[in-house]
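We name chains A, B, ... by the order of the sequence lines, and we start the count at 1 in each one.
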Amino acid sequence: MIKITLDHGRTLEEPEGITVAQALQDLGVATDHKAVAASVDGELLDLGRTLDHDCTVAPVWLESPQGLEIMRHSAAHVMAEAVRSLFPGVKVAIGPAIEAGFYYDFDVAEPFTPEDLARIEARMAELVGADLPFKRREVSKEEALGLFREMGEAYKVELLEEIPADSVSLYRQGDFVDLCRGPHIPSTGYLKAFKLTGVSGAYWRGDEKRPMLQRLYGTAFATHEELNRHLELLEEAKRRDHRKLGRELGLFMVEEEAGPGLVIYLPKGAMLRSLIEDFERREHLKRGYQMVMGPQMLKADLWKRSGHWDNYRDHMYFSQVEETLYGVKPMNCLAHMLIYKSRVRSYRELPLRFFELGTVMRHERSGVLHGLTRVRQFTQDDAHIICTPEQVESEILGVLDFVFEVMTVFGFEYEVELSTRPEKSIGTDAEWELATGALHNAMQAKNIPYSICEGEGAFYGPKIDVKLKDALQRRWQCATIQCDFTLPERFDLTYVGADGGRHRPVMLHRVVLGSLERFMGVLVEHYAGAFPVWLAPVQAILLPITDRVHAYAQEVEGLMKDAGLRVELDGRPETLRYKIREAQLQKIPYMVIIGDREAESRTLSPRLRDGTEWKDIPVDTFVQRVQEEGKIPSPVKSP
RNA sequence: GCCGGCAUAGCUCAGUGGUAGAGCAGCUGAUUCGUAAUCAGCAGGUCCGGGGUUCGAAUCCCCGUGCCGGCUCCA
């Protein structure tokens with residue numbers, strides 16, 4: 001007999017070899033079609049597994065994050081079975097669950113067409129209808145190798161060869177056997193609400209030198225309602241797409257004639273950008289940064305010295321000027337180094353914080369360009385902090401505070417990641433340890449929760465990334481703080497210490513919003529184009545009803561402009577309904593209706609974007625209100 | 001860069017080998033109107049570029065460019 005304890009519940013004596021499902025039932029947990037697996041002493045197991053020692057069990061419910069992941073993984077297996085039956089000769093690669101869905105990679109002679117998706121989905125529905133059980137079998141690695149070799153599943157064989165363990169588990173449902181760690185749902189009937197969402201190419205093991213496979217994407221949820229909600233969220237994301245809104249709202253364009261990945265700002269987009277820049281300058285000056293500006297290109301020799309030539313050349317643009325090769329800057333650090341070196345520096349000056357709205361050019365590969373979020377020329381809110389080693393931690397904390405405060409201004413939630421040394425990098429082990437330690441310490445000191453990304457750091461140092469989450473819970477890379485012990489070395493930066501000797505400072509690279517282009521794109525989608533008054537390119541539009549009030553409307557326009565408001569006057573001989581519709585589609589915060597009544601009493605009747613109507617407000621009152629609302633917000637100090 | 005799809009008027013899109021279409025936007029005129037589209041008329045195209053097949057190509061084939069979805073990359 002063994003003792004089985006229900007998590008947070010009672011304990012029972014059960015015979016050895018009892019199944020997980022039976023044990024849960026005996027413990028009074030009704031698992032019928034709601035539990036998909038169980039956590040046994042923290043390990044996820046199928047409900048059909050047997051128990052042979054004292055343990056604690058907890059059911060994994062279908063609708064829990066773990067349950068959904070298990071179901072999605074099983075859905076991938078079902079999809080693979082469907083593909084196998086419809087496309088004889090196909091080889092299967094890997095098929096994991098991913099965030100909000102799953103995929104499976106196939107080696108198939110002809111790429112899948114969108115029409116194939118419907119066929120595969122229909123076949124999957126049949127398999128689900130058959131309610132085939134998932135059967136687990138543990139076999140020796142040798143046996144598994146033999147099995148997959150016989151089936152001609154070369155990818156599975158390759159995976160198996162890399163597994164160090166002597167035995168592996170196989171899962172079979174219907175005619176489909178897969179090498180898999182599990183666990184899985186008890187049977188295909190558990191899979192209710194699923195949908196195939198796309199097909200694309202994907203390299204085997206993510207390596208562009210290996211074969212290109214065909215990847216089928218799908219998603220699955222516990223209920224049809226949740227699946228529909230998810231699909232609606234995707235629709236909403238499409239409606240908010242900054243590329244679509246960017247055109248509709250007259251913000252920006254990217255023209256083939258000018259070049260891919262090169263953003264052209266239209267008047268309203270340029271206004272928005274300059275409002276963000278004003279905000280940035282003010283906030284940086286408040287925090288002890290000094291504004292600097294560097295040239296657009298610098299001699300290639302300098303990029304060799306910095307290490308960019310060896311590590312970043314493929315992403316740079318070069319130009320031969322007379323006899324000399326120049327590199328267009330992909331980063332802003334070089335000029336900042338030269339500024340530091342322009343005279344002898346004392347420890348009393350440190351930390352020095354050089355801030356630049358620096359426009360950089362990077363040669364991104366053609367297939368990766370995307371609206372404003374991935375471009376070839378962009379402007380960073382970049383700064384380099386040069387300080388003593390002792391100041392590193394407090395400087396990092398200062399930047400983190402800055403970032404968090406700015407995120408609250410725009411209403412973003414965020415997550416923090418720490419990235420460690422990548423394979424291709426410069427500097428000594430000791431320097432990397434010191435830098436990485438400083439970043440860890442800073443975050444632990446502030447009690448900031450963060451995750452670690454091994455090997456994702458910059459070539460010159462470890463970094464902290466802040467990923468913000470927009471209104472649709474999508475994550476975007478914006479802020480990053482990078483520790484750099486090598487550039488000061490390479491450029492021989494020094495400061496004179498209290499002891500009169502020369503010492504080596506440390507440098508931090510950091511951006512808050514990151515790329516202004518990307519941030520604008522994210523903002524457009526976050527606000528769905530309905531910018532708060534302080535960011536709205538046009539804050540108010542005056543809509544005179546008849547020509548009789550035109551003079552009054554012009555007078556109001558002048559008053560509002562004098563008050564520093566961004567106002568437009570729509571004097572076209574159109575109906576009020578028509579003008580309101582257009583202004584509404586442009587998401588202008590205030591539509592100001594001006595008719596005979598308003599002209600008579602020298603008032604205004606503003607309509608808000610949400611449809612609220614205000615009647616007969618004195619001009620001054622309205623102007624003050626918009627002025628107040630249009631002030632650049634001050635960040636709230638983060639705790 | 002790689003895999004797949006797409007490219008027709010400013011925008012959204014019809015048009016499967018036989019004289020290029022619609023709605024919206026634009027222009028002109030009429031309408032002076034109270035909270036999401038007033039009416040009428042006009043104009044607008046190297047059908048992405050280049051080559052080929054064909055009596056004839058927006059349509060079929062090849063090459064390029066760009067965009068979209070992914071992969072890879074993202075310092």
_Gap between atom CD of A:Glu417 and atom CE of A:Met443 - 0.5 Å precision_ = 10.0 Å
*asked:* Would you measure the distance from the C1' atom in B:A14 across to the matching atom in B:A9 and give it in whole Å?
replied: 13 Å
*Contact class for A:Lys615 (heavy atom, under 4.0 Å): base, sugar-phosphate, or nothing?*
base
*Out of A:Asp382, A:Ile481, A:Val399, which one pairs with A:Val511 under the side chain to side chain contact (heavy atoms under 4.5 Å, CB included) rule?*
A:Asp382
*Return yes when atom NZ of A:Lys579 has more than 12 non-hydrogen atoms of other residues, nucleotides or ligands closer than 6.0 Å, and no otherwise.*
yes
*For B:G4 and B:G45, measure between their P atoms and round to the nearest Å.*
36 Å
*Residue closer to the 5' end of RNA chain B, A:Val254 versus A:Ile545 (nearest nucleotide)*: A:Ile545
_Point-to-point distance, once rounded to the nearest 0.5 Å, from CZ of A:Arg510 to CD of A:Glu395_ = 10.5 Å
*Counting side-chain heavy atoms from C-beta on, which of B:C11, B:U32, B:U35 comes nearest to A:Pro573?*
B:U32
_Within residues 91-103 of chain A, which residues have any heavy atom lying less than 4.0 Å from an atom of RNA chain B?_
none
_Roughly how many Å apart are B:G29 and B:G17, using the C1' atom of each and rounding to a whole number?_
43 Å
*asked:* Need one value for A:Leu585: base, sugar-phosphate or nothing, where a base atom within 4.0 Å counts as base even if backbone is also close, heavy atoms only.
replied: base
*Assign a letter to each nucleotide of nucleotides 69-75 of chain B from its 5' end: B, base within under 4.0 Å of a protein heavy atom; S, sugar-phosphate only; -, no contact.*
BBBBBBB
_Atom pair CD/CD of A:Gln473 and A:Glu99 - distance to nearest 0.5 Å_ = 10.0 Å
*Flag yes if more than 12 heavy atoms outside A:Glu600 fall under 6.0 Å of its CD atom; otherwise flag no.*
no
*asked:* Say we look at B:C62 and B:C55: how far apart would their C1' atoms be, to the nearest angstrom?
replied: 22 Å
*Contact class for A:Pro111 (heavy atom, under 4.0 Å): base, sugar-phosphate, or nothing?*
sugar-phosphate
_Suppose you measure atom C1' in B:A43 against the same atom in B:G34; what distance do you get, rounded to whole Å?_
34 Å
*Applying side-chain contact (heavy atoms from CB on, under 4.5 Å), name anything that partners A:Ala118, two or more places apart in sequence or on another chain.*
none
*Is any side-chain N of the basic residue among A:Arg365 and A:Glu208 closer than 4.0 Å to the acidic one's carboxylate O?*
yes
*Hunt down the Watson-Crick or G-U wobble partner of B:A57, both distances under 3.5 Å, from any strand shown, or write none.*
none
*Given that A:Gly261 and A:Ser605 both sit by RNA chain B, which one's nearest nucleotide is further toward the 5' end?*
A:Ser605
*Provide the distance between the two C1' atoms, one in B:C2 and one in B:G51, to the nearest whole Å.*
26 Å
What's touching nucleotides 42-50 of chain B from the protein side, N or O pairs under 3.5 Å?
none

*Is it the case that more than 12 heavy atoms not belonging to A:Glu557 sit under 6.0 Å from its CD atom?*
yes
*Are the charged groups of A:Asp465 and A:Lys467 less than 4.0 angstrom apart, N to O?*
no
*asked:* Quick check for you: to the nearest 0.5 Å, what is the distance between A:Ile617 atom CD1 and A:Thr603 atom OG1?
replied: 8.0 Å
_Centroid separation A:His509 to A:His384 less than 6.0 Å_ = yes
Which pairs, protein N/O on one side and nucleotides 25-29 of chain B N/O on the other, fall under 3.5 Å?
from: B:A25; atom 1: OP1; to: A:Tyr578; atom 2: OH; distance (Å): 2.9

*What residues, two or more places apart in sequence or in another chain, satisfy side-chain contact (heavy atoms from CB on, under 4.5 Å) together with A:Arg239?*
A:Glu235, A:Glu236
*Which part of the nucleic acid, if any, lies within reach of A:Glu598 when heavy atoms closer than 4.0 Å are counted: base, sugar-phosphate only, or nothing?*
base
*If you measure from the P atom in B:U65 to the same atom in B:C42, how many Å do you get, rounded?*
43 Å
*Among A:Ile594, A:Leu576, A:Leu569, A:Val592, side chain to side chain contact (heavy atoms under 4.5 Å, CB included) partner for A:Leu543*: A:Leu576
*Mind checking the C1' distance from B:G50 to B:C13? Whole angstroms is fine.*
27 Å
_Nucleotide paired to B:C27 in any strand shown, Watson-Crick or G-U, under 3.5 Å_ = B:G41
